[in-house]
Amino acid sequence: MSHGDAGKTALDSLEGRTAPEPFSLAESRKLFEALHKTRGPLGKTELLQKRFARLSAREGQYVVKILTGDLRIGLREGLVEEAIAAAFAAPLDEVKEANMLLGDLGAVAVLASKGELHRAELSLFRPIKSMLASPEPTAEAILVAVRKRTGCLRRRQV
């Protein structure tokens, strides 16, 4: 079957062809770490084939979606961020900020596993995710917000 979505293709391809075993967040972490450490496409392919044989079709769908970054409208990405925060007892806001800066949920999970989300930073030539801002109603309100954030609370006289 053919879809415009690699995850759905994986779902259809794996349906009824695997012997599912329990697959926890800790096991998914091990899988992604092993993929990161494994060099070359042949080694990665072998690792994935072995794991997919033991996943349910639905689990395989989401592993593929995570690997390809094809989580669509952001709703599912938010769920993955929540899962990372829960799995590694990290503040959700820090996970979201790290994901915005890195644009790579795998890298965010690795930092979260080490308690190092604070190390996520901007990098040249790596796009960042945009975040919705909270609008201010007036120019004066904008100035007040900027002054609060910059520590410049005193109003300048012109």
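Sorted by first and then second residue, the salt bridge (Lys or Arg N to Asp or Glu O under 4.0 Å) pairs with a member in residues 15-26 read Glu21-Arg54; sequence neighbours excluded. Among pairs with a residue in residues 105-118, those fulfilling salt bridge (Lys or Arg N to Asp or Glu O under 4.0 Å) read Glu116-Arg119, at least two apart in sequence or across chains.
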*List the steps and the verdict of side chain to side chain contact (heavy atoms under 4.5 Å, CB included) for Leu14 and Phe52.*
CA-CA 8 Å; Leu14 295 173; Phe52 280 131; 4.0 Å; yes
*asked:* Assess the residue pair Leu55 and Thr18 against the criterion (side chain to side chain contact (heavy atoms under 4.5 Å, CB included)); give the C-alpha distance rounded to whole Å, side-chain angles, the decisive distance to 0.1 Å, and a yes or no.
replied: CA-CA 7 Å; Leu55 293 176; Thr18 65; 5.8 Å; no
*Would you sort out whether Leu31 and Phe23 count as a side chain to side chain contact (heavy atoms under 4.5 Å, CB included), showing the intermediate values?*
CA-CA 10 Å; Leu31 171 65; Phe23 186 59; 4.1 Å; yes
*Before giving the answer on side chain to side chain contact (heavy atoms under 4.5 Å, CB included), spell out for Gln61 and Lys8 the whole-Å C-alpha distance, their side-chain angles and the decisive distance to 0.1 Å.*
CA-CA 6 Å; Gln61 174 186 12; Lys8 287 184 181 177; 4.0 Å; yes
*Going through the distances and angles, do Glu77 and Asn99 end up as a side chain to side chain donor-acceptor pair (under 3.5 Å)?*
CA-CA 10 Å; Glu77 184 173 17; Asn99 189 32; 2.8 Å; yes
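Listed by chain and number, the residues in a salt bridge (Lys or Arg N to Asp or Glu O under 4.0 Å) with Arg58 amount to none (sequence neighbours excluded). Take Arg51 and apply the salt bridge (Lys or Arg N to Asp or Glu O under 4.0 Å) test, not counting sequence neighbours, and it matches no residue. For Ser56, the side-chain hydrogen bond (donor to acceptor under 3.5 Å, both in side chains) partners are Glu59, not counting sequence neighbours. Applying the salt bridge (Lys or Arg N to Asp or Glu O under 4.0 Å) test to Lys37 and every residue at least two apart in sequence or in another chain returns nothing.
A distance of 11.5 Å separates CZ in Arg29 from CD1 in Ile84, rounded to the nearest 0.5 Å. Rounding to the nearest 0.5 Å places CG of Leu67 at 14.5 Å from OH of Tyr62. Between the OG1 atom of Thr68 and the CG atom of Asp5 there is a distance of 7.5 Å, given to the nearest 0.5 Å. To the nearest 0.5 angstrom, Leu102 atom CG is 10.0 Å from Glu97 atom CD. Here the CZ atom belonging to Phe88 is positioned 7.5 Å from the CG atom belonging to Leu25, to the nearest 0.5 angstrom. Rounding to the nearest 0.5 Å gives a distance of 10.0 Å between CD of Glu81 and CG of Asp93.
Put simply, Leu47 and Leu42 are part of two different groups of oily side chains (I, L, V, M, F, W, Y) that touch within less than 4.5 Å, one to the next.
Looking only at side-chain heavy atoms (C-beta outward), Val110 and Phe32 stay at 4.5 Å or farther from each other.
Considering all non-hydrogen atoms of both residues, Leu117 and Ala98 come closest at CD2-CB, 3.8 Å. Nearest heavy-atom pair across Pro91 and Ala85 is C-CB, 4.5 Å.
Formation of a donor-acceptor pair under 3.5 Å by the Lys44 side chain with backbone atoms of Leu35 is found in this model. In this structure, Glu27 contributes its side chain and Ser24 its backbone to a donor-acceptor pair below 3.5 Å.
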